[in-house]
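As a basis for the values below, the full set of heavy atoms in this structure was taken, side chains included, without hydrogen atoms, waters or symmetry mates. Per chain, numbering begins at 1; letters A, B, ... match sequence-line order.
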Number of protein chains: 2
Amino acid sequence: MTKPEKLKPTDSEMEILNILWDKGTATVRDIHEVLEKQKPSGYTTTLKLMQIMFEKGMLTREAQGKMHVYSAVIKREKAREQVVQKMIDTMFSGSASQLVMQALGNHTSSPKELEEIKAYLDKLSNKK
Amino acid sequence: MTKPEKLKPTDSEMEILNILWDKGTATVRDIHEVLEKQKPSGYTTTLKLMQIMFEKGMLTREAQGKMHVYSAVIKREKAREQVVQKMIDTMFSGSASQLVMQALGNHTSSPKELEEIKAYLDKLSNKK
DNA sequence: TTTGTACTACGAATTAATTCGTAGCAAACA
DNA sequence: TGTTTGCTACGAATTAATTCGTAGTACAAA
């Protein structure tokens with residue numbers, strides 16, 4: 001068990017974490033039912049993944065009857081922070097604003113979202 | 001050789017790509033010299049990595065004497081776009097503005113950068 | 001009580017990334 | 001003419017992720 005801080009979830013692990021963050025807690029079956037809608041996979045595959053994530057310290061679990069109820073150790077906010085920071089470092093030479101402009105340029109944002117961002121920027125500037 | 005579009009570089013591959021994007025073209029030795037400053041590693045490790053990246057279609061190369069001169073197939077901009085899009089999808093439920101605010105909240109940006117972003121936002125809004 | 005169901009645990013196969021040693025080859029050099 | 005130098009190619013070991021089959025167990029249902 002290492003620090004959850006240093007853990008770098010794989011893509012499969014991220015899928016599980018996302019579901020857990022949405023639900024708060026979940027059993028292997030809960031998770032598996034969601035995953036199955038996205039792509040076919042065996043129950044024991046999900047089970048094994050979650051067992052390994054538990055061993056790695058990414059998940060905690062609690063026996064409930066014969067089942068285990070899992071939850072994520074790392075919070076969604078923290079994971080986002082880490083992953084964004086890493087992307088800034090490795091892909092944008094450490095420049096957050098480069099990343100921001102890249103994300104905005106990807107035209108995925110509506111005018112309303114752009115307004116939100118502008119408001120957020122103003123808040124940041126004023127605080128300084 | 002699959003489409004370079006679909007390729008997902010590993011961390012080691014990203015290190016090599018970053019150097020190649022900076023230099024434009026480079027030999028294995030060039031790359032290895034840069035990498036070695038960051039962490040110890042054997043020359044043939046770098047060689048093998050670049051050979052595999054070549055086989056995957058991530059790099060092209062050209063014989064020059066007995067050496068190969070490599071360059072990246074995918075452009076930095078394209079790679080950034082892909083990786084940002086993927087992050088938005090997997091970590092931010094598809095919301096670019098969520099990612100933007102996360103990146104800004106990470107306090108890594110100077111007031112000057114914030115101004116740049118604001119200017120960029122205005123340009124976007126007016127264009128719409 | 002026997003059978004079925006729904007779990008967990010475990011081990012094994014597969015695939016991919018990473019690392020590096022060794023071999024071969026050609027040009028430069030002593 | 002050897003011999004060293006610096007490259008590529010190749011194969012093998014290691015490690016990690018992924019997938020799934022099988023076995024064990026406990027509780028519920030027949």
Worksheet item: Crowded around A:Lys23 NZ? As in, over 12 foreign heavy atoms under 6.0 Å?
Response: no
Item to complete: Classify the nucleic acid contact of B:Ser12 as base, sugar-phosphate or nothing, counting any heavy atom under 4.0 Å across all strands shown.
Response: sugar-phosphate
Worksheet item: Measuring from B:Leu99:CG to A:Met87:CE, what's the distance to the nearest 0.5 Å?
Response: 8.0 Å
Worksheet item: Separation of B:Glu33 atom CD from D:dG6 atom C1', in whole Å?
Response: 12 Å
Worksheet entry | Separation of atom CD in B:Gln64 from atom P in D:dG6, rounded to whole Å | 18 Å
Worksheet item: Just how far, in rounded Å, is P of D:dA9 from CG of B:Leu49?
Response: 14 Å
Worksheet, complete the sentence: The first and last nucleotides of DNA chain C lying within contact of chain A, meaning any atom under 4.0 Å from one of its heavy atoms, run from C:dA6 to C:dG11
Item to complete: With rounding to the nearest 0.5 Å, note down the distance linking OG in B:Ser41 to CD in B:Glu15.
Response: 9.0 Å
Discussion item. Under the side chain to side chain contact (heavy atoms under 4.5 Å, CB included) test against A:Arg61, which residue among A:His68, A:Met53, A:Met67 passes?
Written reply: A:His68
Worksheet item: If you look at every strand shown and take non-hydrogen atoms under 4.0 Å, does B:Glu13 touch a base, only sugar-phosphate, or nothing?
Response: nothing
Discussion item. What contact category does B:Thr10 fall into here, base, sugar-phosphate, or nothing, at under 4.0 angstrom with non-hydrogen atoms?
Written reply: sugar-phosphate
Worksheet entry | Results of side chain to side chain donor-acceptor pair (under 3.5 Å) for A:Thr90 - residues two or more places apart only | none
Worksheet item: Can a side chain N or O of B:Arg29 be found less than 4.0 Å away from OP1 or OP2 on D:dC7?
Response: yes
Worksheet entry | Comparing A:Lys66 and A:Lys39 on DNA chain D - which has the more 5′ nearest nucleotide | A:Lys39
Discussion item. Can you measure B:Ile31 atom CD1 to D:dC7 atom C1' for me and round it to whole angstrom units?
Written reply: 16 Å
Worksheet item: Hey, is B:Glu13 close enough to B:Lys8 for a salt bridge, meaning N to O under 4.0 Å?
Response: no
